[in-house]
Visitor: 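Before I ask anything, here is the structure I am working with.
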Amino acid sequence: MAIGIMSALVEEIAYLLEKMEVKQKETIAQKHFYIGTIEKEEVILCYSGVGKVNASMTTQLLIDHFHVRFVILTGTAGLLNPNLKTGDIVVSEDAVEYDVDFTPLGYPLGEIPGLPLAYQANPLLIKIALQAGKGLKGIKVKKGRILSGDQFIASEQIKKELRETFKGDVVEAEGAAVGEVCYLNKVPFVVVRVISDEADATAPTDFQELLEEVSIHAQLLVLRMLKGIRALKAKNKK
Ligand code: ADE
């Protein structure tokens, strides 16, 4: 069974695609899936398009059609935690859909009735990601909470509210959707996000200018994760 690696934008997987030995390409529902190996590991590499619906359907395709063992979501995010900066990486402890609101029915903000408020990432994948991050010179890698919603956050006020309400470290538009689909399918997942902007008034410019440059950071970490997974498999075989 292959490993599913996904991003929202093609720029966020471009470096991994360069490193990949692509054996086949498949397109389903306008989503492109690259089938092959990276670091000798079998992977399905894809980009979903932006937002929670795109991320959800692409994750379900990775699970149903490609039968992936687990899902690694990578890409960029806006900064919420003031102790981090642009270029730093957050590995998901968990992920919350901040734009869900069933509070009139008595549910906490962010919680869909019948589902958890936060989707927990897989502890072993978190460990492998943090270990992989140790090899990245000059880049801080921290475990934290990902907030997801169908918006690009570019406001100091909204950013403050998100930080206070949900204690999020970064904000993006896919992580918790991947978390929800993986939770429902009992498939492990982890999110690896590099900070591209500060989710304030400067965010649109920063995001567009830094997207390709900082995306490399997260992809280098994912590449090192694949090496770590391979080493772990070799060790377990002994
Ligand atoms: N992805 C990268 N930066 C973001 C932001 N500021 N808001 C939402 N998603 C993002």
Side-chain angles (χ1 to χ4, degrees), residues 5-16 46-59 71-101 109-110 118-119 121 129 139-181 189-222:
I5 304 176
M6 176 175 134
S7 68
L9 303 171
V10 69
E11 291 88 343
E12 294 169 324
I13 52 154
Y15 178 75
L16 289 171
C46 62
Y47 57 102
S48 64
V50 173
K52 294 194 295 173
V53 175
N54 274 324
S56 304
M57 61 174 284
T58 309
T59 305
V71 177
I72 302 172
L73 173 70
T74 186
T76 53
L79 175 75
L80 297 178
N81 180 342
N83 297 321
L84 295 170
K85 63 175 191 326
T86 302
D88 288 343
I89 292 173
V90 172
V91 172
S92 62
E93 164 104 67
D94 60 15
V96 176
E97 288 175 58
Y98 71 80
D99 58 355
V100 162
D101 186 356
L109 198 62
Y119 300 99
I139 300 167
K140 197 189 274 183
V141 181
K142 192 190 169 297
K143 186 167 69 169
R145 171 167 281 184
I146 313 282
L147 301 187
S148 312
D150 284 316
Q151 292 172 45
F152 186 89
I153 304 299
S155 149
E156 197 65 59
Q157 181 59 32
I158 298 174
K159 177 179 167 175
K160 191 164 160 266
E161 283 167 17
L162 287 176
R163 176 81 181 148
E164 283 171 7
T165 310
F166 296 104
K167 313 277 178 282
D169 293 293
V170 289
V171 63
E172 39 83 298
E174 294 83 20
V178 171
E180 183 180 334
V181 173
F189 81 97
V190 72
V191 183
V192 176
R193 287 291 191 188
V194 62
I195 297 162
S196 55
D197 60 85
E198 298 198 5
D200 57 8
T202 65
T205 321
D206 288 347
F207 172 73
Q208 288 169 66
E209 275 178 11
L210 298 174
L211 169 65
E212 282 175 53
E213 183 187 327
V214 294
S215 285
I216 304 272
H217 294 190
Q219 292 173 86
L220 283 171
L221 191 148
V222 174

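Start at 1 and go down the list; that is how both ligands and their atoms are numbered.
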Visitor: Is K143 salt-bridged to D169, going by a charged N under 4.0 Å from an acidic O?
Guide: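 No, this pair does not count.
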Visitor: So, R193 and E174, do they make that salt bridge, N to O below 4.0 Å?
Guide: yes
Visitor: Taking the basic N atoms (NZ, or NE/NH1/NH2) and the acidic carboxylate oxygens, is any pair closer than 4.0 Å for D99 and K52?
Guide: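 Yes, D99 and K52 are salt-bridged.
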Visitor: Would you find a donor on one side and an acceptor on the other, under 3.5 Å apart, between the side chain of H217 and the backbone of V194?
Guide: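 Checked: no pair found.
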Visitor: Write down, by chain and number, every protein residue that brings a non-hydrogen atom to less than 4.0 Å from an atom of ligand 1.
Guide: T76, A77, G78, Q151, F152, I153, V171, E172, S196, D197, A199, F207
Visitor: Examine the side chains of T74 and E12 and answer whether a donor and an acceptor come within less than 3.5 Å of each other.
Guide: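 Side chains of T74 and E12: no pair found under 3.5 Å.
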Visitor: Apply ring pair (Phe, Tyr, Trp, His ring centres under 6.0 Å) to Y119 and list each qualifying residue two or more places apart in sequence or on a separate chain.
Guide: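 Y119: ring pair (Phe, Tyr, Trp, His ring centres under 6.0 Å) contacts with Y183.
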